[in-house]
**Q** 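For reference, the structure I am asking about is given below.
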Amino acid sequence: MSDDATDRSNSGPGNFVDDLVRDDLARGLGRTLMTRFPPEPNGYLHLGHAKSICLNFGLAQRHGGVCNLRFDDTNPTTEEVEFVESIQADVRWLGFGWFKGPYYASDYFEQLYAWAEQLVVEGRAYVDSQDLEAIRAGRGDFHRPGVESPFRDRTVEENLDLFRRMRAGEFADGAHVLRAKIDMQSRDLNLRDPLLYRIRHAAHHRTGTKWCIYPMYDWAHGQSDAIEGITHSICTLEFQNHRGLYEWCFDALHFDPRPKQIEFGRLNLSYTVLSKRRLQELVAGGHVAGWDDPRMPTLAGVRRRGFTPEALRAFCDRIGVSKRDGVADVSLLEHAVREDLNARCPRVMTVLRPLKVIVENLPEGETVHFDAPLHPEHPAMGTRTLSFSRELFIEQDDFMEDPPKKFFRLAPGREVRLRYACLLTCVGVDKDPSTGEITALRCTWDPQSKGGDAPDGRKVKSTLHWVSAAHAVDVEARLYDRLFKVENPMDVPEGGSWKDHLNPSSLTVLRAKAEAHVATAGEGARFQFERLGYFAVDPDSKPGALVFNRTIGLSDAWAKIVAAGKAG
RNA sequence: UCGGGGUUCGUCUAAUGGCAGGACGCGGGUUUUUGGUACCCGCUACGGGGGUUCGAAUCCCUCACCCCGAACCA
């Protein structure tokens with residue numbers, strides 16, 4: 001124990017919210033720790049939400065508390081059931097569950113309205129009948145105080161009457177609003193008589209047409225927290241400016257105990273955009289196939305791509321939680337994904353860009369079988385049988401007629417190993433006489449090297465993946481690259497758009513040859529295609545027509561050598 | 001310019017008055033039937049300036065820079 005204080009090698013990523021919660025718990029909260037994840041159902045959840053979900057649910061999990069899922073559904077014009085459903089599915093997929101609920105701010109509309117009337121009665125709120133522009137103008141700006149509305153001094157009776165008639169539907173949208181009566185001189189702009197209710201004759205996805213006035217965020221959120229008994233209301237940095245108003249509401253309603261609002265820095269990721277509005281724009285503009293396009297940073301997208309919830313949670317643990325507005329490197333996410341997939345994925349061989357190989361010393365019609373482990377480090381995962389015959393496919397990238405110095409793979413006269421099979425030597429190259437294009441490789445195998453090692457102990461510098469032409473299954477492989485070409489897509493020159501940074505080759509579709517073992521794989525199944533990366537079966541797959549998404553490639557030392565121009 | 005936050009390796013993040021540490025990344029190496037994995041070694045940081053102190057990333061002053069805020073969005 002005493003060593004812990006001095007052993008700095010152990011200190012993991014920071015999480016100042018967790019520290020605060022621990023302090024509060026140590027001091028004695030007097031009630032159960034309760035957090036909440038409060039999405040607005042107006043879009044799909046993305047990686048940024050994953051950070052918030054892991055934070056809120058994680059806190060509850062670690063400290064014997066409870067975390068509510070609550071839909072912040074106070075704006076009927078943007079919210080839809082499609083989203084409340086996808087959000088629940090995504091939270092569950094990530095590995096979290098809620099104790100009761102889910103909850104909805106709309107369930108509290110009646111209570112919220114009653115409290116608003118209370119404010120009116122106490123002279124702390126009034127109905128303003130100025131139009132939008134006048135209200136905006138009256139608010140002033142950073143340097144000028146606001147001016148009071150001419151309607152600010154209406155009597156309680158008049159305010160109550162008007163507010164009730166607002167609810168009753170007597171007025172058109174925009175005719176009146178309910179405002180808190182605070183201080184038009186305040187340096188905190190949120191305290192310059194903020195709007196509490198606006199009229200919206202719009203159907204709500206849950207309350208239908210029962211209401212035609214809807215509470216604003218600032219009126220709904222804190223009170224919803226209080227109703228549920230939330231102890232720690234954790235939100236992102238942009239809400240720091242609202243804390244004064246959050247507290248004002250609790251003062252006005254004399255809430256005790258009250259939730260504590262804590263703000264943290266939202267997740268930003270290099271080479272991607274994380275904002276619902278922009279993701280929506282990518283979908284609407286047809287830049288991707290949908291919210292669940294595997295290139296999207298949505299939870300639906302990365303799930304389809306083959307990311308695991310475990311990897312996402314590990315990533316969220318590792319980036320830490322602070323008040324800094326930073327940008328996490330996408331390579332950290334990729335690392336978490338590879339780390340998890342490496343441990344759990346069975347290995348198989350698939351050739352993405354086939355190059356035909358003819359094994360001259362193996363008679364046509366003859367098949368040799370090899371047993372190969374499904375995971376070299378986990379024998380318990382079992383084995384599968386590989387078929388080897390006269391016609392094979394290897395990767396086009398694995399052969400060069402005139403290789404540079406550091407190219408260890410197949411070349412004329414050179415011997416390599418076929419993974420789990422045998423040693424193979426290239427003895428000739430067939431070319432199309434008119435184009436000069438290589439059509440096939442002439443090779444011989446060493447029957448003494450069955451399994452991959454020669455009895456004479458000779459070594460080869462490279463091991464290639466391969467499939468037998470006669471036994472392979474045709475599959476579609478979808479390769480993904482980063483959606484954006486630049487680290488910060490929001491860094492745009494004058495007159496440009498962040499969408500100018502979209503990577504035109506973020507998707508490559510290939511017709512590949514896979515070993516027979518994958519033929520029966522079901523949707524969502526994950527494999528490592530040896531030497532190529534991790535792949536997951538896409539829902540577009542049909543019987544006999546598998547589609548694989550490349551979740552992430554393996555780290556590729558050779559590609560780095562080539563990119564650095566050091567291949568020799 | 002007013003208010004609210006923020007500034008530690010390239011990135012994320014520790015250390016809260018006592019040797020600036022970890023992870024990712026990058027470079028090198030060992031092992032290897034994946035140019036994978038694993039393992040080893042190395043790399044780079046306290047925004048600037050003043051002060052307090054035996055001692056400052058940490059406390060004080062000051063400057064600079066960055067983010068958020070003037071929706072009937074959340």
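Lettering of chains follows the sequences in order, A, B, ..., and the numbering in each one begins at 1. Reckoned from all heavy atoms, side chains included, excluding hydrogens, waters and symmetry mates.
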**Q** Classify the ring geometry of A/H204 against A/Y214: parallel below 30°, tilted from 30° to 60°, perpendicular beyond 60°.
**A**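 Ring orientation, 0 to 90° scale: parallel.
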**Q** Going by side-chain contact (heavy atoms from CB on, under 4.5 Å), name the residues that satisfy it together with A/K323, two or more places apart in sequence or in a different chain.
**A**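 For A/K323, the residues satisfying side-chain contact (heavy atoms from CB on, under 4.5 Å) (neighbours in sequence not counted) are A/F16, A/L237, A/Q240, A/E263.
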**Q** Looking for any heavy atom pair under 4.0 Å, which part of the strands does A/D325 touch: base, sugar-phosphate only, or nothing?
**A**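 Sugar-phosphate contact only - A/D325 comes under 4.0 Å of backbone atoms but never of a base.
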**Q** Contacts to RNA chain B from residues 191-203 of chain A, heavy-atom cutoff under 4.0 Å, which residues?
**A**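 Those residues are A/L195, A/R198, A/R200.
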**Q** Below 4.0 angstrom from OP1 or OP2 of B/rG36, is there any side-chain N or O of A/S555?
**A**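 False: A/S555 side-chain N/O out of range (4.0 Å or more) of B/rG36 OP1/OP2.
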**Q** What's A/P39 touching, base or sugar-phosphate or nothing? Going by heavy atoms closer than 4.0 Å.
**A**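 No contact.
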**Q** Please work out if A/N42 contacts a base, only the sugar-phosphate, or nothing of the nucleic acid, heavy-atom cut-off 4.0 Å.
**A**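 Touches nothing.
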**Q** Grab the N/O contacts between the protein and nucleotides 23-28 of chain B below 3.5 Å, and write none if there aren't any.
**A**
unit_1, atom_1, unit_2, atom_2, d
B/rC24, O2', A/S331, OG, 3.2

**Q** I'd like to know if the side chain of A/Y126 pairs up with that of A/D193 as donor and acceptor (distance under 3.5 Å, no hydrogens or angles considered).
**A**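 Yes.
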**Q** Please work out if A/G14 contacts a base, only the sugar-phosphate, or nothing of the nucleic acid, heavy-atom cut-off 4.0 Å.
**A**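 The answer is sugar-phosphate, as A/G14 gets under 4.0 Å only of primed atoms, P, OP1 or OP2.
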**Q** Does any donor atom in the side chain of A/H465 or A/R419 lie under 3.5 Å from an acceptor atom in the other side chain?
**A**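 No, A/R419 and A/H465 have no side-chain donor paired with an acceptor closer than 3.5 Å.
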**Q** Considering every strand and a 4.0 Å limit on heavy-atom distances, what is the contact class for A/Y214: base, sugar-phosphate, or nothing?
**A**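 Nothing, no heavy atom under 4.0 Å.
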**Q** Within the modelled atom types, does a donor on one side and an acceptor on the other bring the side chain of A/R324 and the base of B/rU8 under 3.5 Å apart?
**A**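 Looking at the base of B/rU8, it does pair with a donor or acceptor on the side chain of A/R324 (distance under 3.5 Å).
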**Q** For the residue pair A/F527 and A/F548, does the interplanar ring angle fall in the parallel (under 30°), tilted (30 to 60°) or perpendicular (over 60°) class?
**A**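 Rings of A/F527 and A/F548: perpendicular, over 60°.
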**Q** Would A/R70 count as a cation-pi partner of A/Y103, with NZ or CZ less than 6.0 Å from the six-membered ring centre and within 45° of the ring normal?
**A**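 Not flagged: A/R70 not positioned over aromatic ring of A/Y103.
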**Q** Tell me whether the side-chain N or O atoms of A/R409 pair up with the base of B/rG35 as donor and acceptor below 3.5 Å, since no angle test is needed here.
**A**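 Answer is yes: a donor-acceptor pair is held.
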**Q** Just to verify, what does A/E80 make a side-chain hydrogen bond (donor to acceptor under 3.5 Å, both in side chains) with, not counting sequence neighbours?
**A**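 If we apply the side-chain hydrogen bond (donor to acceptor under 3.5 Å, both in side chains) test to A/E80, skipping adjacent residues, there are no hits.
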**Q** Mind calculating the distance between CD1 (A/I262) and P (B/rG5) to the nearest angstrom?
**A**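 Spelled out: CD1 on A/I262 to P on B/rG5 is 15 Å.
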**Q** Would you mind classifying the nucleic acid contact of A/E530 as base, sugar-phosphate or nothing, using non-hydrogen atoms under 4.0 angstrom?
**A**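 Base, at least one base atom sits under 4.0 Å.
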**Q** Just to be sure I understand the rule, does A/L464 reach a base, reach only the sugar-phosphate, or reach nothing, if contact means heavy atoms closer than 4.0 Å?
**A**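 Since no nucleic acid heavy atom lies under 4.0 Å of A/L464, the category is nothing.
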**Q** Using only modelled atom types and a 3.5 angstrom limit, is any donor from either the side chain of A/D556 or the base of B/rG36 paired with an acceptor on the other?
**A**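 Side chain to base: no pair present.
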**Q** Would you say A/R139 places a side-chain N or O within less than 4.0 Å of OP1 or OP2 belonging to B/rA71?
**A**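 Answer is yes, contact under 4.0 Å.
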**Q** In whole Å, what is the span from the CD atom of A/E133 to the P atom of B/rA70?
**A**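 The answer, rounded to whole Å, is 16 Å.
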**Q** Tell me, which of residues 166-187 of chain A have any heavy atom that sits under 4.0 Å from an atom in RNA chain B?
**A**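 The answer is A/G174, A/V177, A/R187.
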**Q** Between B/rG4 and A/E238, counting only base atoms on the nucleotide and side-chain atoms on the residue, is there a donor-acceptor pair under 3.5 Å?
**A**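 Side chain to base: no pair below 3.5 Å.
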**Q** Dot-bracket for RNA chain B: what is it, with Watson-Crick or G-U pairs under 3.5 Å, [ ] where a pair crosses earlier ones, and | for a pair to another strand?
**A** .((((((..((((....[..))))((((((.......))))))...(((((..]....))))))))))).....
**Q** Counting only side-chain N and O atoms of A/R136, is one of them less than 4.0 Å from OP1 or OP2 of B/rA71?
**A**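 Yes, such a contact exists.
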**Q** A/T74 side chain N/O closer than 4.0 Å to the phosphate oxygens (OP1, OP2) of B/rA74?
**A**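 True: A/T74 side-chain N/O within range (under 4.0 Å) of B/rA74 OP1/OP2.
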